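The structure appears right after this line, and notes come after that.
Numbers for residues simply follow the sequence, beginning at 1. Just so it is clear, the structure is predicted and the values come from calculations on it, not from any experiment.
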Amino acid sequence: MVQEVGLRAWAAMHETERLSVLIGDIYDTALDPARWVPVLGKTREFIGGWAIALSWKDAVAKRGGCYFTEGDQDPFYRQVYFDKYIKLDPFTMTQFVVDVEEPKSFLDVLPHAELVQTRIYKEWAQPQGVVDALMCLIDRSVTSVGFMVVFRNERDGFVDDATRRRARLVIPHIRRATLIGKVVDLRKAEAASFADTLDGIDAGMFLVDPTGRLVHANAAGHAMLTETDVLRATGGHLAL
């Protein structure tokens with residue numbers, strides 16, 4: 001695990017050092033999802049922006065939600081986007097045709113003169129001071145997408161080549177970390193379901209490896225180990 005570095009100290013590092021630390025922190029999230037918020041803070045600072053979100057959308061259900069967010073965005077605007085403005089977002093259908101991991105901005109979808117006339121810009125982006133955003137797909141199925149968005153305000157300016165370059169350095173690692181995290185969560189769920197199934201069996205059951213090391217015992221098996229002298233677990237090994 002990469003040593004924990006505070007955001008302020010991390011921001012003062014050279015870009016190469018910051019990228020190295022950030023990549024290590026990104027992969028830590030695969031096993032500890034609670035780390036996503038501080039990691040997104042470093043990602044936002046590295047790429048350049050005002051707020052950042054990891055989200056998903058479903059085109060069929062016309063709904064979506066945020067997994068993790070970081071920055072100064074008002075929670076009201078975050079929620080109202082998925083409740084109301086997701087259907088008006090010009091990004092919504094574009095996300096099903098752009099390449100995964102390729103950063104895109106508002107202005108890649110609509111010219112600025114057209115963008116500022118849209119309802120989502122007037123009612124949602126402009127009141128927050130958002131002038132542009134950088135979006136990267138991290139996963140895509142037939143009807144849904146997972147993506148990262150970095151919002152830019154007046155101070156940050158429009159998404160430029162430098163912003164895209166920095167995004168390309170980190171987005172492949174964010175994609176892999178999220179996919180690894182999904183596999184880990186699936187395996188945890190499968191293991192929990194398997195353990196629940198074994199615990200529902202009245203007979204004592206024990207899983208052991210070829211050396212006799214006790215890997216798992218169901219509830220009835222644990223009862224046999226504690227309440228009878230027939231079996232015992234010594235040094236982690238099952239014995240008569």
Report the distance from atom CD1 of I47 to atom CZ of R164, rounding to the nearest 0.5 Å. 12.0 Å
Please tell me if the side chains of L22 and T43 come closer than 4.5 Å, counting only heavy atoms from C-beta onward. yes
Using the side-chain contact (heavy atoms from CB on, under 4.5 Å) rule, take V37 and L40 through it: C-alpha gap first, then chi angles, then the decisive distance, then the call. CA-CA 5 Å; V37 173; L40 284 177; 5.8 Å; no
Are any of the side-chain heavy atoms of R176 and L179 separated by less than 4.5 Å? no
Side-chain donor or acceptor of R44 paired with backbone N/O of V150 under 3.5 Å: no
Could you check whether any side-chain heavy atom of D25 comes within less than 4.5 Å of a side-chain heavy atom of K42, counting everything from C-beta outward? yes
Nearest 0.5 Å, what's the CZ-CE distance between F151 and M135? 11.0 Å
In terms of heavy-atom contacts, G49 and D156 come closest through C-OD2, 3.4 Å
Below 4.5 Å, heavy atoms only, C-beta onward: do V149 and I52 meet side chain to side chain? no
Between L115 and L107, which heavy-atom pair has the shortest distance, and what is it? CD2-CD2, 4.1 Å
Nearest-0.5 Å distance, NZ of residue K84 to OH of residue Y77: 11.0 Å
Any side-chain heavy atom of L54 sitting closer than 4.5 Å to one from I174? yes
Flag the pair R168 and E102 as a salt bridge only when some basic side-chain nitrogen lies within less than 4.0 angstrom of an acidic carboxylate oxygen. yes
Closest approach of P90 and I120, non-hydrogen atoms and distance? CD-CG2, 4.2 Å
Would you say the side-chain atoms of T29 pair up with the backbone N or O of I26, donor to acceptor, closer than 3.5 Å? yes
Any salt bridge linking E15 with R165? Criterion: basic side-chain nitrogen under 4.0 Å from a carboxylate oxygen. yes
How many angstroms lie between atom OG1 of T178 and atom CE of M148, to the nearest 0.5 angstrom? 11.0 Å
Between L134 and K104, is any pair of side-chain heavy atoms under 4.5 Å apart? no
Kindly say whether G157 contributes a backbone atom to a donor-acceptor pair with the side chain of R152 at under 3.5 angstrom? yes
Show the numbers, then the answer: is there a side-chain contact (heavy atoms from CB on, under 4.5 Å) between R18 and V21? CA-CA 5 Å; R18 286 189 292 157; V21 172; 6.0 Å; no
Minimum heavy-atom distance between A51 and Q73, given as atom pair plus value: CB-CB, 4.1 Å
Check the pair T118, L88 against side-chain contact (heavy atoms from CB on, under 4.5 Å), reporting the backbone distance first and the verdict last. CA-CA 9 Å; T118 62; L88 306 175; over 6 Å; no
For a quick test of reading the model, state the closest non-hydrogen atom pair linking C136 to A167 and the distance between them. SG-CB, 4.5 Å
Quick check for you: to the nearest 0.5 Å, what is the distance between Y81 atom OH and K87 atom NZ? 12.0 Å
Are the aromatic rings of F82 and W124 close, with centres under 6.0 Å apart? no
Got a donor-acceptor contact below 3.5 angstrom from the R78 side chain to the A53 backbone? no
Does some side-chain heavy atom of V159 sit less than 4.5 Å from a side-chain heavy atom of P103? no
Please find the pair of heavy atoms, one from D139 and one from R175, that lie closest to each other, and give the distance. CA-NH1, 3.8 Å
Got a second to check how far L137's CG is from F147's CZ, nearest 0.5 Å? 8.5 Å
May I ask you to check whether H112 and F106 place their ring centers less than 6.0 Å from one another? no
